[in-house]
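All remarks here apply to the structure that follows.
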Protein chains: 2
Amino acid sequence: MPEIDDLKKAGLKTTQPRLKILAALEKSPVRHVSAEDVFKLLLEEQEDIGLATVYRVLTQFETSGLVIRHNFEGGRSVFELNDADHHDHIVCVKCGRVAEFSDHDIEKRQKKAAEKAGFILQDHALYLYGLCHKCARQKNA
Amino acid sequence: MPEIDDLKKAGLKTTQPRLKILAALEKSPVRHVSAEDVFKLLLEEQEDIGLATVYRVLTQFETSGLVIRHNFEGGRSVFELNDADHHDHIVCVKCGRVAEFSDHDIEKRQKKAAEKAGFILQDHALYLYGLCHKCARQKNA
DNA sequence: GTATATGCAAAACTTTTGCATCCTT
DNA sequence: AAGGATGCAAAAGTTTTGCATATAC
């Protein structure tokens with residue numbers, strides 16, 4: 001059970017809710033999910049885990065580096081598993097689909113820009129917004 | 001009164017609340033403000049404008065391009081006047097100070113990345129998070 | 001005068017928290 | 001057994017909305 005090791009490494013007690021939430025993130029058909037989404041995924045599998053717990057656990061996961069929290073447009077947080085490979089995101093403004101990309105040069109330039117502004121860079125969020133090819137085709141609706 | 005022209009150009013009726021809110025954004029000592037911040041600025045000047053109106057007007061301003069809405073970490077939206085010069089932001093995770101920068105190369109690479117992913121780029125948000133020089137100095141507190 | 005905008009209060013949403021109970025070690 | 005985790009419900013924070021009244025053109 002690799003999930004147990006993940007939790008231990010994160011310094012978290014291996015409880016049922018935490019295991020289930022981690023499994024839900026892994027099994028989810030969509031990689032980027034809100035707390036509500038996770039809650040619903042668990043409901044579908046008859047797992048009786050409260051929404052408050054989902055929020056608490058996702059926040060702990062974020063703190064321990066297991067997941068990444070995003071603040072896309074729309075007000076609510078979305079989460080994704082933190083695989084070691086860093087990447088940025090492009091979100092379709094019409095259908096919400098999320099694609100990922102990464103660009104080493106952009107990263108380098110970000111660090112430089114931070115230094116120039118007198119900051120020690122700790123983190124960054126780069127979100128592109130646009131129309132995915134499917135939505136671009138159907139201008140209507 | 002240049003503000004009147006701004007509103008007309010934006011296709012908005014020139015009402016007192018809209019003028020006052022626009023003026024507040026211009027006069028604000030801090031460039032990046034939340035709806036609540038605008039509301040308080042107006043209160044200080046004895047302007048009796050409801051918070052709901054502030055939200056409505058800021059959203060209209062966003063739609064018409066007069067202001068830009070940001071979703072920094074922390075859950076609530078912050079707004080800034082949309083001066084023609086585009087720039088990105090770096091936010092101090094400790095004191096909340098916001099600095100601005102711009103990098104033409106990053107912009108170019110964003111457009112390319114979007115194309116590569118099959119998207120038509122419409123907008124982007126690049127937020128850097130770190131410690132400003134003041135907060136980096138005082139590691140305590 | 002007519003359509004639109006505003007204020008107020010209530011509602012809608014997302015996220016957090018207090019507290020009694022349950023689970024992990 | 002002891003401390004931390006969970007569930008529930010209530011609260012807190014932000015943003016939206018319904019509706020009567022006021023304002024701009």
Side-chain angles (χ1 to χ4, degrees), chain A residues 1 3-24 32-43 45-64 66-79 96, chain B residues 1 3-24 32-43 45-64 66-79 96:
Chain A
M1 206 101 156
E3 286 88 7
I4 292 183
D5 295 340
D6 289 341
L7 290 179
K8 287 215 170 122
K9 256 182 274 176
L12 295 171
K13 221 184 255 185
T14 61
T15 65
Q16 288 308 311
R18 295 212 257 243
L19 286 172
K20 297 288 164 53
I21 289 170
L22 198 46
H32 302 82
V33 290
S34 67
E36 187 80 31
D37 292 336
V38 173
F39 179 67
K40 281 186 195 150
L41 282 171
L42 293 168
L43 272 189
E45 304 185 10
Q46 330 294 331
E47 305 289 356
D48 235 339
I49 298 179
L51 181 56
T53 298
V54 173
Y55 272 103
R56 273 187 291 234
V57 168
L58 285 175
T59 301
Q60 294 159 348
F61 282 4
E62 183 196 9
T63 302
S64 60
L66 248 47
V67 307
I68 297 173
R69 179 196 300 255
H70 298 289
N71 304 290
F72 295 154
E73 288 174 356
R76 69 189 151 181
S77 297
V78 306
F79 302 82
Chain B
M1 207 101 157
E3 287 86 7
I4 292 182
D5 296 340
D6 289 340
L7 290 179
K8 288 215 171 123
K9 257 183 272 175
L12 295 171
K13 222 184 252 186
T14 62
T15 65
Q16 286 309 309
R18 296 212 257 243
L19 286 172
K20 298 285 164 54
I21 289 170
L22 198 47
H32 302 81
V33 290
S34 66
E36 187 80 31
D37 291 336
V38 173
F39 179 67
K40 282 186 195 149
L41 282 171
L42 293 167
L43 273 189
E45 304 185 10
Q46 329 294 330
E47 305 289 356
D48 236 337
I49 297 179
L51 181 56
T53 298
V54 174
Y55 273 103
R56 272 186 292 234
V57 168
L58 285 175
T59 301
Q60 294 159 348
F61 282 4
E62 183 196 10
T63 303
S64 60
L66 246 47
V67 307
I68 297 174
R69 180 197 299 256
H70 297 288
N71 304 290
F72 294 153
E73 288 174 357
R76 69 189 152 182
S77 297
V78 306
F79 302 83

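Order of the sequence lines fixes the chain letters, A, B, ..., with proteins taken first and strands second; residue numbering starts at 1 for each chain. Model, not experiment: these values are computed from the prediction.
- The minimum heavy-atom distance linking B:I49 with B:P17 is given by the pair CD1-CA, 3.6 Å.
- When rounded to the nearest whole Å, the span between CD of B:E73 and C1' of D:dG13 equals 18 Å.
- Distance B:K20 NZ to D:dA24 C1': 14 Å, rounded to the nearest Å.
- Rounding to the nearest 0.5 Å gives a distance of 10.5 Å between OG1 of A:T53 and CG of A:L42.
- Regarding A:F39, its CZ atom lies at a distance of 15 Å from the P atom of C:dC13, rounded to whole Å.
- In this model, the phosphate group of D:dT15 is approached by a side-chain N or O of B:Y55 to a distance below 4.0 Å at OP1 or OP2.
- With rounding to the nearest 0.5 angstrom, the CG atom of B:D48 is 13.5 Å from the CD atom of B:Q16.
- We find that CG of B:L58 is positioned 14 Å from C1' of C:dT6, with the value rounded to whole Å.
- Within 6.0 Å of atom CZ in B:R69, more than 12 heavy atoms from other residues, nucleotides or ligands are found, so the atom counts as buried in its surroundings.
- Among the nucleotides D:dG4, C:dA3, D:dG7, the one closest to any side-chain atom of B:K13 is C:dA3.
- Distance CZ (A:R76) to P (C:dT16): 15 Å, rounded to an integer number of Å.
- Checking side-chain atoms of B:R18 against main-chain N and O of B:K13 turns up a donor-acceptor pair under 3.5 Å.
- Taking atom CG on A:L7 and atom C1' on D:dG4, their separation rounds to 14 Å, with Å as the unit.
- Using a 4.0 Å heavy-atom criterion, one finds that B:S34 contacts no nucleic acid atom at all.
- The phosphate of C:dT15 has neither OP1 nor OP2 within less than 4.0 Å of any side-chain N or O from A:T59.
- Summarising the geometry, the separation between CG on B:L12 and C1' on C:dT6 is reported as 14 Å, rounded to the nearest angstrom.
- Projected onto DNA chain D by closest heavy-atom contact, A:Q60 and B:G74 fall at different nucleotides, the more 5' of which corresponds to A:Q60.
- Using a 4.0 Å heavy-atom criterion, one finds that B:I49 contacts the sugar-phosphate atoms exclusively.
- Nucleic acid contact for B:Q16: sugar-phosphate only, since backbone atoms but no base atoms lie under 4.0 Å from a heavy atom of the residue.
- Distance, A:E47 CD to D:dA5 C1': 16 Å, rounded to whole Å.
- Residue A:E36 is the one, among A:A52 and A:E36, whose nearest nucleotide of DNA chain C lies closer to the 5' end (criterion: closest heavy atom).
- Looking at heavy-atom distances under 4.0 Å, B:R18 makes contact with sugar-phosphate atoms alone, never a base.
- In terms of position along DNA chain D, the nucleotide closest to B:L51 lies nearer the 5' end than the nucleotide closest to the other residue of the pair B:L51 and B:T15.
- The shortest distance between the side-chain N/O atoms of B:S77 and the OP1/OP2 oxygens of D:dT14 is not below 4.0 Å.
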